[in-house]
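Working notes for the structure below.
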Amino acid sequence: MANVPEKPTLDGIEARWIERWEQDGTYHFDRTARRDQVFAIDTPPPTVSGSLHIGHVFSYTQTDTTARFQRMRGKAVFYPMGWDDNGLATIRRVQNVYGVRCDPSLPFDADFAPGDEPFDPPVAVSRPNFLALCERLIAEDEVLFEESWRRLGLSVDWSYLYRTIEPRCTRVSQRAFLRNLARGEAYQAEAPTLWDVDFRTAVAQAELEDRERPGAYHTLAFHRAGDDGDVLIETTRPELLAACVALVCHPSDARYAPLVGTNVRTPLFDVEVPVVAHPLAEPDKGTGVAMICTFGDTTDVTWWRELDLPIRAIVGRDGRIVADPPHGIDSAPGRAAFAELAGKTIRQAQQRIIELLRDRGELLGEALPITHPVKFYERGERPLEIVTSRQWYIRNGGREPELREALVARGQEIAWHPEFMVHRYESWVGGLTGDWLISRQQPFGVPFPVWYAIDDDGEVDYAHLLFPPEDQLPIDPSTDVPDGYTEDQRGKPGGFTGDPDVMDTWATSSLTPEIGGRWEDDPDLFARVFPMDLRPQAHDIIRTWLFATVVRAHFEFGTIPWKNAAISGWILDPDRKKMSKSKGNVVTPMPLFEQYGTDAVRYWATSGRLGTDAAFSEDQIKIGRRLATKLLNVTRFVLGFPEPPAGAQATDPLDRAMLARLAGVVAAAADDFESYDHARALERVESFFWWFCDDYVELVKSRAYGARGPDGAASAGVALREALATLQLLFAPFLPFVTDEVWSWWHDGSVHGERWPDASALGTGEPVDDTGLELTSVVLAQVRRAKTSAKVSQRAAVDRVAVRGPADHLAALAIGLADLQEAGSIREVTTEPGEGPLEVLIVLSDGA
RNA sequence: GGGCGUAUAGCUCAGUUGGUUAGAGCGCCACCUUGACUCGGUGGAGGUCCGCCGUUCGAGUCGGCGUACGCCCACCA
């Protein structure tokens, strides 16, 4: 019945099995399953790009082993996939691939077509043209992207594939936003926000990172009234002097106490500003007095807000000094100085103002060079500025202690794997300084489903919002028209205008459980999968994706979005540096799949534990390859023994002991999986497997061929096959291709449609003492050692093996002696009771 | 500044509630072409378990102090 190939091979098996699984619906989600029979996974939708990254392989394969295990446990596994294609990553890619930039003021050009090469210099295109290019590039990318993902052998149900920009996801995103708005969880505000001058968009606290940058302290002289002399301050940003609205010192700083409440005049611009006190000012920094500008950093924002200071904004959204001086700069010399700076970039303005100040003697001493951390948008190239703008926010506890506590508590409801990762969540939520800024001033993304009425004077009335009913979603306010209006009223007095912004990508991806589960579109499905069982993701996006998802579920459903969070580590290169495109040390998995087979790469990936960064190791992949090859060969070998008669059982004590040991592995590996420790499960199974191949199969092969009669052969044959089938099942979550390959040689149907083995059904199911098995291995090793030392073949004959040791050990060992004799080509085996540890005397035939 | 994690063989890492001489794989060395596997098999060498102090009959494991590395959060005039 077995159909074993003459020369088994791993080459090319992926394509065959991927096609077969797709045809047979092997990973099809049974949506009739009750909620308690479902295991739902909130798969991270990867950002669409040209290719798969080795880090993807690492984390997604780990999740896949859990999905496969749960499926084998009888769960209906809901394992959707999605592509995240609506973010800045897509915009950047379109800009680079086609050499274009979006200029919303341009009209649509129906004849526009990109060239084969990117335009250089970049060409400005209209928003509709830009969006068309986004769609086009995404469509091209996603074909190849999906192909490479399928090659990984994930057991996802591809019929649930989604793209975050598609209408259905846009609808989910807009609906959730409108509900947040209706409940007061989302709001609009005009406020200072961190701003990327290259992307020309606001960015959220979660997307910041500090980078060390060179800078310098410059000492500036502010002037007191009359002849009271100067007040000196140090600043790294003299170019913001025109934006200065006050000086600040610590309330307890006696040196400056007399100054507080008085006014001083700024150098160069001669603007009168007050000296104020605030606890955030640090006496031992600089001179102890700092200038407050609107806005140099987030501390300035705090001071400005808490001290109720005026605003003098001088940095435009393009990162240049604005054309007109802010109010307060009234003197002719002051205005002249400002004119020198207007239109310059920050760098240029800094250079120029230093010259101007020095010429006037208001810059003292030499600049003191320093290195200091500067805030950047994580994808950006220039430091962030702070500009005042109208933005949308979702409350996240950053300004409300009660909400913050509630969200911390939600995080603690989740079972984290590993547990300590909850600390990252807690420290992030605990450190929030403001609400979640979700609007972005970008051409491509999910639009805010909001219009504003325009009053009779032509002013936009931001307090007068117009919404679409939910059943009209998704909408684009730049082309759709609110109820009660007509298109020709767009932008007119008494008419309306659409909100120009789009949502940040996290505002949509924070809804992946709702998107994947078809919230509101398919209530029956949603009820079966939400809240989900598992969110797998990497630790760097706990503060963004994970937290945001918790916020949305908390508001919409009053629940956590999933019971478990499995946090994977990162891939480091072999020198333990983080892999990144800029370092040029990125490994692409496709060539590895080709060279070693997907299973081999999966072996490496699943050897990694959750929460632990792992070094990329081609050696580990080679070991995986060896394992897969061994599975092919041992299957071929075992299936080549005479088939035991129907109804035969494993009766030989050695066989029963082996099966009992295997039963222990089955149970322990299941426990490992239940506690999200796939790597330990693999280690356990693998360890048994090599012992099985190296010792057990070697011990019983002669008997299996009939050397000790038909009963012994039948017992060995049964045990070998039971163990082989069990091992194939145990490896199935890790090595899906080779296990289905070897399974198919002697079974109908896929191994991935089978149940996890029943430990109690192995052998007779009765407990068996493992000592005999262990001792047999020990004596076998001694015999091998004797032959190796004598530099003879393992096949060489042995005259006599004499074992001396405690009676209970000898009794246990008795189950293996006959097979040992065959396996070792031993003429005579004797045992003798004695004290102390087991001693083995081996007499080789040559007298060696 | 606060927090989390890691430290075991040349390398990558296991080591569960404390329990004989601390394990695996790779690499290295030697040997064997033994009924499937040379992408194979057998064996060997190789360790002050980061340091110090403590608890204990007993510590790689528990506690304290420290060191190194990585990360998170905060600060950043």
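The chains referred to below are lettered A, B, ... by the order of the sequence lines, with proteins before strands, and numbering in each begins at 1.
Annotation: A/Tyr425 is in aromatic contact with A/Trp416 [ring centroid separation under 6.0 Å]. Two rings, from A/Tyr596 and A/Phe737, have their centers 6.0 Å or more apart. The distance between the ring centers of A/Trp604 and A/Phe58 falls below 6.0 angstrom.
Using a 4.5 Å heavy-atom threshold, the side chains of A/Lys375 and A/Ile386 count as separate.
When rounded to the nearest whole Å, the span between CG of A/Asp672 and P of B/rG15 equals 10 Å. Rounded to a whole Å, the CD atom of A/Gln782 is 16 Å from the P atom of B/rU42. Remark: P of B/rG3 and CD of A/Glu426 are 14 Å apart, rounded to the nearest angstrom. For the pair A/Ile567 CD1 and B/rC71 C1', the computed distance is 14 Å after rounding to whole Å. For A/Arg609 and B/rC13, the CZ to P distance is 11 Å, given to the nearest whole Å. We find that CG of A/Leu610 is positioned 20 Å from P of B/rC71, with the value rounded to whole Å. Going from atom CD1 of A/Ile571 over to atom P of B/rG70 covers 18 Å, rounded to whole Å. Distance, A/Leu682 CG to B/rC13 C1': 13 Å, rounded to whole Å.
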A correct dot-bracket answer for RNA chain B, with pairs being Watson-Crick or G-U at under 3.5 Å, [ ] for crossing pairs and | for inter-strand pairs, is (((((((..((((.....[...)))).(((((.......))))).....(((((..]....))))))))))))....

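If you take atom P in B/rG41 and the same atom in B/rU34, they sit 14 Å apart, rounded to whole Å. Across B/rC73 and B/rC26, the matching C1' atoms stand 38 Å from one another, rounded to whole Å. Nucleotides B/rG3 and B/rA22 place their P atoms 36 Å apart, quoted to the nearest Å. To the nearest whole angstrom, the two C1' atoms, one in B/rC28 and one in B/rA74, are 49 Å apart. Taking atom C1' on both B/rC76 and B/rC4, the two are 22 Å apart, rounded to the nearest angstrom. Separating the P atom of B/rC75 from that of B/rG1 is a span of 16 Å, rounded to the nearest Å. B/rG51 sits 28 Å from B/rA45 when the C1' atoms are compared, rounded to a whole Å. Nucleotides B/rC50 and B/rA9 have their P atoms positioned 8 Å apart, rounded to a whole Å.
With rounding to the nearest 0.5 Å, the separation of CG in A/Asp300 from CZ in A/Arg305 is 12.0 Å. Atom CH2 of A/Trp303 sits about 5.5 Å away from atom CD1 of A/Ile292, to the nearest 0.5 Å.
Put simply, the side chain of A/Asp210 and the base of B/rC75 share a donor and an acceptor less than 3.5 Å apart.
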ask   = Could you go step by step and tell me if A/Asp671 and A/Arg680 meet the salt bridge (charged side-chain N to carboxylate O under 4.0 Å, His left out) rule?
value = CA-CA 10 Å; A/Asp671 287 347; A/Arg680 181 180 249 175; over 6 Å; no

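Among the atoms of the strands shown, base atoms are found under 4.0 Å from some heavy atom of A/Arg680. Residue contacts shown for A/Ala679 are absent, as no nucleic acid heavy atom lies under 4.0 Å away. Within the 4.0 angstrom heavy-atom criterion, no nucleotide atom of any strand lies near A/Leu432. As judged by a 4.0 angstrom heavy-atom cut-off over every strand, A/Gly431 is placed among residues touching the sugar-phosphate backbone only. Using a 4.0 Å heavy-atom distance criterion, A/Gln595 is classed as making no nucleic acid contact.
In the set B/rA77, B/rU42, B/rA74, the nucleotide with an atom closest to the side chain of A/Asp694 is B/rU42. In the set B/rG43, B/rC75, B/rG15, B/rC75 carries the atom at the smallest distance from any side-chain atom of A/Glu282.
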Protein heavy-atom contacts under 4.0 Å, written 5' to 3' over nucleotides 24-39 of chain B as B (base), S (sugar-phosphate only) or - (none), form the string -SS---SSS-SBBBSB

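Sorted by first then second residue, the salt bridge (charged side-chain N to carboxylate O under 4.0 Å, His left out) pairs that include residues 417-436 of chain A, not counting sequence neighbours, number zero.
The pair A/Lys701-A/Asp694 does not meet the salt-bridge criterion, since no charged nitrogen lies less than 4.0 angstrom from a carboxylate oxygen.
One finds a side-chain N or O of A/Arg785 lying less than 4.0 angstrom from the OP1 or OP2 phosphate oxygen of B/rG44. Between A/Thr299 and the phosphate of B/rC76, there is a side-chain N or O to OP1/OP2 separation shorter than 4.0 Å.
Nearest-nucleotide positions on RNA chain B for A/Gly430 and A/Leu280 put A/Gly430 closer to the 5' end.
In this structure, A/Arg626 forms a cation-pi arrangement with A/Trp690, its terminal cationic atom sitting closer than 6.0 Å to the ring centre and no more than 45° off the ring axis.
Shown here is A/Glu212, whose CD atom has more than 12 heavy atoms of other residues, nucleotides or ligands within 6.0 Å.
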